[in-house]
S.K.: 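Sending over a structure as C-alpha cells; questions will come in a sec.
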There are 2 protein chains.
Amino acid sequence: MTARKAQRTARLIDLLSQRRVIHLSEAAALLGVSEMTVRRDIATNQGQIAYLGGHILAAAEIEADIPYELATAADSHAAAKREACVHAVRKIRPDETIFIDCGTTLIHLIDLIPDNYQITAICYAMNVAERLSRKPNVTIIMLGGVYHPASASFSGTHDFDILNSVGINAAFLSAAGVDAKRGATCEHFHEAVVKQKVMSLARENYLVIDSSKIGKLKRAFFSAMDGFDAIITEHGEVGPDSFLPQAV
Amino acid sequence: MTARKAQRTARLIDLLSQRRVIHLSEAAALLGVSEMTVRRDIATNQGQIAYLGGHILAAAEIEADIPYELATAADSHAAAKREACVHAVRKIRPDETIFIDCGTTLIHLIDLIPDNYQITAICYAMNVAERLSRKPNVTIIMLGGVYHPASASFSGTHDFDILNSVGINAAFLSAAGVDAKRGATCEHFHEAVVKQKVMSLARENYLVIDSSKIGKLKRAFFSAMDGFDAIITEHGEVGPDSFLPQAV
DNA sequence: CTTGAAATGTGAGGATTTTAACAACCGCTC
DNA sequence: GAGCGGTTGTTAAAATCCTCACATTTCAAG
C-alpha cells in the first residue's frame with residue numbers, strides 16, 4: 001500500500017466517522033479520485049470499511065456475513081466507551097429524566113438502557129436524538145437552535161427556555177479533554193454553554209469518558225472536576241476528589 | 001397496516017436481529033411474498049428497518065444518516081413530489097430564510113436547493129434536519145421539543161420562542177389532505193400548531209403537495225386554502241382562488 | 001353474492017452498480 | 001531516458017436494482 005493510498009483511506013475513514021454512510025460517487029468526488037479507485041481502496045481495507053450496494057459505511061456498523069467484504073473491526077476507543085457506559089447505565093432509574101450530552105461516547109449508553117425503562121431523555125445532538133428514537137419507551141426532548149456540523153448539535157439562546165421547564169435527575173456529560181488542574185474541556189464553546197447550564201440544573205452530574213481523554217486539554221472549558229458527582233471510565237467509577245491524571 | 005403486514009414486519013425484524021443483513025430477494029423468499037411487498041413493508045417502517053442497495057439491515061446498523069433509498073423506497077408518489085419541488089424551489093432566493101415543514105415531500109426541495117445558496121432553513125423534523133445538514137451553505141435552525149415518532153418531528157411550547165425571533169421570507173408547507181371546502185389538513189394536531197404559527201409569521205406561504213393529496217381530509221386542520229400565497233403541485237402553481245378539487 | 005378498497009404480484013423500462021479488460025500514468029531503478 | 005511494476009482512469013457489457021403502471025388477489029361490508 002502506497003503512502004497516497006494510505007492517506008486516502010485515512011481520509012475516507014475520517015469522513016465515515018462523521019457521516020456513517022457515503023455514496024460511492026460522493027466519496028470519489030470528495031477524495032478527488034475515480035470511483036474505481038475508491039472501490040479498490042475498500043477492497044483492500046475490509047477491516048475498517050464496509051460497502052453495500054453503492055454505499056460506503058463504517059465497518060463497525062455491520063458485523064455479520066455480507067455479500068462482498070466487510071468485517072468487524074472497531075476502533076480501539078469504541079470498546080472503552082462502551083465499557084464506560086456499562087458502568088454509567090447503572091445510574092439510570094426506570095422512570096427518571098436524564099440528559100445526554102453530544103458526541104459518540106454516550107451513544108453506547110443509549111443502546112444499554114433497558115427497553116422497558118420509561119425514561120425521558122433530553123438531548124441537543126442529532127445523532128443522539130436519532131439513536132434515542134429507536135428506544136421503545138423513551139420520551140425525547142430536543143433542545144433546538146442553530147446547527148453546528150462538527151458535533152451534529154444544536155444550540156442557541158432558547159435552549160434555556162426548555163431546560164428551565166424540566167427536572168433532570170441525572171446528566172451524563174462527555175468531554176474531549178480532562179485535566180486534573182483545569183478540569184473538563186470540549187472542542188466548541190457553544191457546547192460548553194449548554195453543558196454548564198445543564199450541570200447547574202441537574203441533580204446529579206456524571207462525566208462519562210474513555211481514559212484516552214485524560215490528560216488532554218481542549219479549547220472550551222465547562223467544569224472543574226469537583227463539579228461532577230462521579231467520573232466514569234471503562235475502568236469504573238471514581239469520585240471527583242480521588243481523580244488524578246495518573247489514575248489510569 | 002393490516003395484521004398480516006404487521007406480522008410480516010415483525011418476522012423481518014426478528015430475522016434482522018439474527019442476521020444483521022439480508023438480501024431483498026432472500027427476505028422475500030423467507031417471508032413468502034414478492035420483493036415488491038417487502039419493499040413496501042420497509043417503506044412504511046423506516047424507523048426500524050433500513051435499506052441500502054438491495055440489502056435490508058436493522059436500522060440500528062446505520063447512524064443518523066439515512067440514504068436516499070430509505071427516504072423514498074417504494075414511495076409511489078416520489079416522482080410527483082420531486083416535480084412539485086422543482087416548481088417550488090424557484091421561490092427561494094439565494095440569501096433568504098425559509099421554513100421547511102415535516103414529511104417526505106419537502107425532502108426533495110432540499111435536494112434541489114443550489115449548493116451556492118446561502119440560506120437559513122428552519123425545521124422541526126429530524127429527517128429534514130438531517131437532509132439539510134448535507135447542504136454546504138445552509139444554516140439550520142431546529143425547533144426543539146418533545147419527539148413525535150410518527151412524523152419524526154419535535155414540538156412543544158418553546159417552538160414559539162425561536163420562531164418569534166426569526167424573520168421568515170418563505171414557508172414551505174406540506175399537507176396530508178387538501179379539500180376545497182375544508183382546506184389543508186394533516187395527521188397530527190401538534191404539527192398543525194407549528195404550521196399555523198409559522199404561517200402567521202412568514203411573509204409568503206407555499207403549500208407543496210403531490211396531487212394525490214387533493215380531495216383528502218385528515219384529522220388536524222391547519223389552514224384554509226386562501227391562507228396560502230400559492231399551491232404548488234407537480235403540475236405547477238395555482239393561486240388559492242383558482243384552487244378547485246378538479247383542478248388536477 | 002356483489003362490490004369496492006386495500007394489499008399484493010407481475011413485468012417492462014430505465015437507472016444504477018458490478019465486473020473485467022485495457023490504456024495511461026506514476027515513481028522507481030538501472 | 002528506457003524499462004518495470006504497481007496504481008489509476010476509462011470504457012463497455014453484464015448483472016442488478018428501482019420505478020411505474022397495471023393485473024390480480026384478498027378481505028370485509030353491504
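Just so we're on the same page: letters track the sequence lines, and every chain starts at 1. Predicted, not measured: the structure shown is a model, and the values here were computed from it.
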S.K.: Name the closest nucleotide to the H23(B) side chain, picking from dC17(D), dC18(D), dG9(D).
M.R.: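 The answer is dC17(D), which lies nearest to the side chain.
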S.K.: Nearest whole Å is fine: how far is dT26(D) C1' from R8(B) CZ?
M.R.: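 Atom-to-atom, R8(B) to dT26(D), this comes out as 12 Å.
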S.K.: Output the rounded distance in Å from CD1 (I56(A)) to P (dT16(C)).
M.R.: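 Result: 17 Å.
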S.K.: I'd like to know if K216(B) and D179(B) make a salt bridge, using a cut-off of under 4.0 Å between side-chain N and carboxylate O.
M.R.: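 A salt bridge is absent here (no side-chain N lies under 4.0 Å from a carboxylate O).
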S.K.: Would one find a side-chain N or O of S34(A) under 4.0 angstrom from OP1 or OP2 of dG9(D)?
M.R.: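 Answer is yes, contact under 4.0 Å.
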S.K.: Could you state the CE-C1' distance from M36(A) to dC25(C), rounded to the nearest angstrom?
M.R.: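 In whole Å, dC25(C) C1' and M36(A) CE are 16 Å from each other.
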S.K.: So, is Y51(B) close to the dC18(D) phosphate, meaning a side-chain N or O under 4.0 Å from OP1 or OP2?
M.R.: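 The answer is yes; a side-chain N or O of Y51(B) sits under 4.0 Å from OP1 or OP2.
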S.K.: dC18(D), dT19(D), dT8(D): which one has an atom nearest the side-chain heavy atoms of L24(B)?
M.R.: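 When the side chain of L24(B) is considered, dC18(D) is the closest of dC18(D), dT19(D), dT8(D).
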S.K.: Please report, rounded to the nearest Å, how far the C1' atom of dG9(D) is from the CG atom of L31(A).
M.R.: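 Taking CG of L31(A) and C1' of dG9(D), I get 15 Å after rounding.
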S.K.: Rounding to an integer number of Å, can you tell me how far I42(B) CD1 sits from dC17(D) C1'?
M.R.: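 In whole Å, dC17(D) C1' and I42(B) CD1 are 13 Å from each other.
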S.K.: Is there a side-chain polar atom (N or O) of R39(B) under 4.0 Å from OP1 or OP2 of dT8(C)?
M.R.: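 No, outside the criterion.
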S.K.: Could you tell me whether the side chains of S155(A) and H148(A) share a donor-acceptor contact shorter than 3.5 Å?
M.R.: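 There is such a pair between these side chains.
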S.K.: E35(B) CD to dT10(C) P: how many Å, rounded?
M.R.: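 Checked: the CD to P distance equals 11 Å.
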S.K.: Do any side-chain nitrogens or oxygens of R40(A) fall under 4.0 Å of OP1 or OP2 in dT8(D)?
M.R.: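 Negative; the distance criterion is not met.
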S.K.: Looking at side-chain heavy atoms only, is the closest gap between I141(B) and F154(A) below 4.5 Å?
M.R.: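 No, every pair of side-chain atoms sits at 4.5 Å or beyond.
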S.K.: Closer than 3.5 angstrom, by distance alone: can the side chain of E204(B) be matched with the main-chain N or O of A170(B) as a donor-acceptor pair?
M.R.: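 No, E204(B) side chain to A170(B) backbone: no donor-acceptor pair under 3.5 Å.
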S.K.: Round to a whole Å and report the spacing from CG of L52(B) to P of dT17(C).
M.R.: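 After rounding, the reported distance stands at 10 Å.
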